[in-house]
Structures are given as C-alpha cells and as structure tokens.
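Since the model is a prediction, treat every value here as computed from it, not as a measurement. Remember, it's 1-based here, ligands and their atoms both numbered in the order they're listed.
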Amino acid sequence: MKNNCLMNTYKRFDVVFDHGEKCFLYDINNKKYVDFAGGIAVSALGYSSLKLKEAIKNQTDKMLHCSNLYYSEPQIMLAQKLVQNSCFDKAFFCNSGAEANEAALKLAKKYAKKNKGAECFKFIAFKNSFHGRTTGALSLTGQEKYQKNFTPLMDGVEFADFNNIQSVKNLIAPDVCAIVLEPLQGEGGIIPADIEFLKELRKLAYDNDIALIFDEVQCGIGRCGKLFCHQVYGVNPDIIALAKGLAGGVPVGAMLAVEKFANVFEPGDHASTFGGNPLAAAAGNAVIDEILLNGILENVGEMNKYFLQKMHILKEKYSFIKDIRGLGLMLGMEVSISPKEIVEAALKDGLLILSAGTNVVRFVPPLVIDKKAAEEGFAILDKVLKNIKGE
Ligand SMILES: *Cc1c(COP(=O)(O)O)cnc(C)c1O
C-alpha cells in the first residue's frame with residue numbers, strides 16, 4: 001500500500017495490519033504473523049488482555065482527559081504504583097520516551113544550577129546509545145547517523161565508551177550535572193551493561209553529586225524480568241525514564257526521581273498537556289497490575305530460558321550467528337550477515353522481528369508470549385535462516 005499523504009520518515013514494509021490476538025497480528029488479508037517485535041517493545045500484554053481492554057473501555061465511559069490543572073484518580077494511582085515498587089519518590093507523566101528523557105534532563109539541570117552553580121550543565125552520555133528524536137534526547141544519542149542532519153544540537157554533551165569506567169572517569173569534571181545511559185542498550189545492538197560498570201557509575205555519581213539517569217524506556221516495565229531493569233542489577237539510579245511498555249500500547253511516558261532531585265521541580269518548571277491523562281493512566285494501571293499480580297514476571301523468566309535455548313540451537317546450526325545476549329525478553333542475536341535481510345524474509349514468512357545496530361536481530365515479544373507461539377516463531381525463523389544461507 002502506498003500512501004503519499006504520510007511524511008517520508010519511515011522505511012515501511014509493505015503490509016497493513018488490522019488486528020491482533022494474543023501474540024499474533026493479522027494483516028488486512030487476514031494473514032497471520034507471530035509477533036517477536038511487540039510493536040517495538042510496546043505491546044507488553046499482547047493483544048488479548050481483557051484487563052487492559054476493560055480498563056480502557058471503562059475510563060473511556062468516564063472521561064478521556066481533564067488536564068493537569070486538576071487531579072485525576074488514575075494518574076495518582078499510577079504514580080503510587082510506580083513509586084511503591086521502586087526506589088523512587090515522585091513521578092512526572094508525559095507521552096513518549098523522548099519526552100521522559102527531556103524531563104530527566106531538565107530536572108538534572110535544575111538541580112545542578114540550584115546546588116552546584118549556573119556553569120554546571122554538562123552531560124556524559126554513551127556511544128551507541130539511543131534516547132529519542134527530540135533535540136535534547138537526540139543530543140544524548142551517541143550515533144552519528146541520527147544527529148548529522150540536525151546539528152547544532154544541545155551544547156555540553158560528551159560521549160564515553162559503554163562498559164568502560166575509565167572513559168567516564170576521564171570526563172568527570174565540576175561542570176557535569178548528569179550521567180545518562182540505558183542499562184541495556186536497545187537500538188544500539190542489545191548490549192547489556194556489566195554489573196561492575198553500573199556499580200562504579202553509581203559510586204562515581206554519588207561521590208561527585210552528579211545525577212545518575214537510567215533510560216529504561218525500552219528495557220523497563222517487566223521487560224528484563226523485574227519491574228525495572230536496574231532491579232535486575234541491584235543498582236539504583238537517581239532518575240529514570242520510562243515509556244514504551246508502560247501502558248501496553250496507549251501512548252504514555254514517565255520520569256521518576258528520588259526525593260533529592262524530584263523536590264527541585266516547582267510549578268511552572270515543566271508540563272505536558274496530555275501527560276498521564278486519565279485514559280493513558282488507566283491503561284498504565286492495568287499493565288502494572290498485570291505485571292506485578294498476574295505472573296508476568298515469572299513468565300518473562302521462563303520464556304527467557306526458552307528463547308535462549310532456541311537461539312543457541314540456531315547458533316549451533318548457522319555459523320553466521322556470532323553471539324546471543326540480553327536479559328529477560330529483550331534479546332539479541334549478533335549475525336555476520338545483514339539482519340535487515342533476515343527481518344524482511346521473516347515478515348514474508350509470517351514472523352515479525354526487528355534489527356538493532358548494524359548486525360543484531362532483536363527479539364522483544366509481548367511479555368505474555370507462551371511456548372507454543374514462540375515455537376511457531378522459531379520454526380519460521382529457522383526456515384528463513386536456512387533459505388538465506390542455503391544451508
Ligand atoms: C524508543 C526509545 C526512546 C524513544 O522513545 P519515543 O517514545 O519514540 O520517543 C528513548 N530511549 C530508548 C532507550 C528507546 O528505546
């Protein structure tokens with residue numbers, strides 16, 4: 001389907017989706033696809049969650065929106081759930097991952113200006129990272145291809161090497177206000193942080209009164225086997241950015257912070273018209289309840305083992321598979337051939353899967369995926385890989 005009314009910002013595949021069921025999507029010709037992509041790690045509960053659908057329908061009957069000039073119960077409840085199940089004390093809601101990062105940047109900047117002086121505004125980010133497309137978030141994204149057409153960007157960002165603590169120490173200075181990273185790099189190629197690296201960053205940030213900001217937009221909300229990715233590592237950041245899976249497909253973003261930082265925002269400092277509106281928050285409440293109370297984290301643990309087992313069988317079989325890595329249901333398969341070719345062939349054969357970086361096939365299925373659906377997906381993938389290499 002060609003549509004000339006849509007701006008040319010995506011290299012879209014030639015398929016039009018119509019509806020979903022459990023962990024399958026169906027196109028307008030009713031062709032079925034196994035979903036290992038989850039709408040890029042968004043559709044955490046798949047497509048058949050009654051709890052999520054009911055929450056959205058009920059809220060639709062009450063009101064969709066009321067503005068952040070007033071309180072609404074769903075937003076308060078969602079903030080409470082996020083705060084009660086984490087190291088954080090306060091929440092700010094917005095509508096996307098990029099916006100959650102923007103909020104985090106502003107909070108860290110204000111804290112530093114107030115406590116360390118007007119000259120303290122620099123950020124340390126990481127090569128290969130991805131933080132979103134708005135100017136602030138893009139400034140922190142350590143990939144030239146995303147930045148090059150839009151410079152000059154925000155001033156004062158320096159890039160260290162991921163998992164290399166010395167490269168961070170070399171950049172520490174009195175004018176640094178925050179260190180920003182994905183504890184598990186997503187778009188850059190599914191690269192998990194080393195636990196020692198995160199522990200040393202934590203210490204470095206405390207010692208220098210620098211905000212440690214984790215971008216868990218992709219790896220948070222149950223994706224890595226606990227509610228938050230940093231809980232898998234046991235290393236607490238000061239500020240976190242969330243979005244993608246948080247409302248299971250309804251647009252929402254959140255920035256959470258510990259009291260020391262959260263308290264510096266005052267009325268007028270930051271805002272979002274739609275941020276955490278009753279519809280988005282109702283969906284978020286349903287997702288968090290399902291994840292915490294309905295065995296989804298256990299399923300992620302079990303399915304992590306199952307996916308890894310299947311991926312290692314493929315690695316034994318195909319010599320172009322070089323590495324298998326990741327956490328929970330955020331997994332990557334490094335290949336020495338083009339991952340895009342695999343993604344394209346898989347689509348034709350009824351499997352939705354993603355690439356990441358230049359050489360990784362990325363698996364981010366709904367968190368509710370079961371063995372039967374996974375098996376179907378891996379059977380398709382095996383066939384695709386066999387055809388690509390003629391093995
Ligand atoms: C997707 C993503 C973003 C951007 O989220 P948007 O909702 O597209 O703005 C930011 N950070 C990470 C780690 C992401 O994966």
Looking at residues at least two apart in the chain, or sitting in another chain, which of them share a side chain to side chain donor-acceptor pair (under 3.5 Å) with Gln185?
none
Within 4.0 Å of some non-hydrogen atom of Ser96, the atoms of ligand 1 are 7 (O), 9 (O)
Atom 8 (O) of ligand 1 within contact range, any protein heavy atom under 4.0 Å:
no
Enter the distance from Leu256:CG to Ile240:CD1 here, rounded to the nearest 0.5 Å.
6.0 Å
Atom indices of ligand 1 within 4.0 angstrom of Gln218 heavy atoms, with elements
15 (O)
Going by the rule ring-ring contact (aromatic ring centres under 6.0 Å, His included), which residues pair with Tyr26 if we only count those two or more places apart in sequence or in a different chain?
His19
Hey, are Lys260 and Asp209 close enough for a salt bridge, meaning a charged N less than 4.0 Å from a carboxylate O?
yes
Check whether any N or O atom of Gly132, backbone or side chain, sits under 3.5 Å from an N or O atom of ligand 1, and answer yes or no.
no
Under 3.5 Å, is there a donor-acceptor pair linking the side chains of Glu54 and Asn58?
no
Would you say ligand 1 has an N or O under 3.5 Å from any N or O of Val217?
no
Just by distance, no angles: are the side chains of Asp238 and Tyr111 close enough, under 3.5 Å, to form a donor-acceptor pair?
no
Nearest non-hydrogen atom to atom 15 (O) of ligand 1 belongs to which of Met330, Lys244, Glu187?
Lys244
Atoms of ligand 1, numbered as shown, that sit under 4.0 Å from any heavy atom of Asp215:
10 (C), 11 (N), 12 (C), 13 (C)
Partner of Asp349 under salt bridge (Lys or Arg N to Asp or Glu O under 4.0 Å), picked from Lys386, Lys383, Lys31, is Lys383
Of all the atoms in ligand 1, which lie at a distance below 4.0 Å from a heavy atom belonging to Glu182?
13 (C)
Just need the protein heavy atom nearest to atom 6 (P) of ligand 1, so name the residue and atom and give the distance.
Gly97 N, 3.5 Å
Which of the atoms in ligand 1, numbered in the order shown and given with their element, are less than 4.0 Å from a heavy-atom of Ala98?
4 (C), 5 (O), 6 (P), 9 (O)
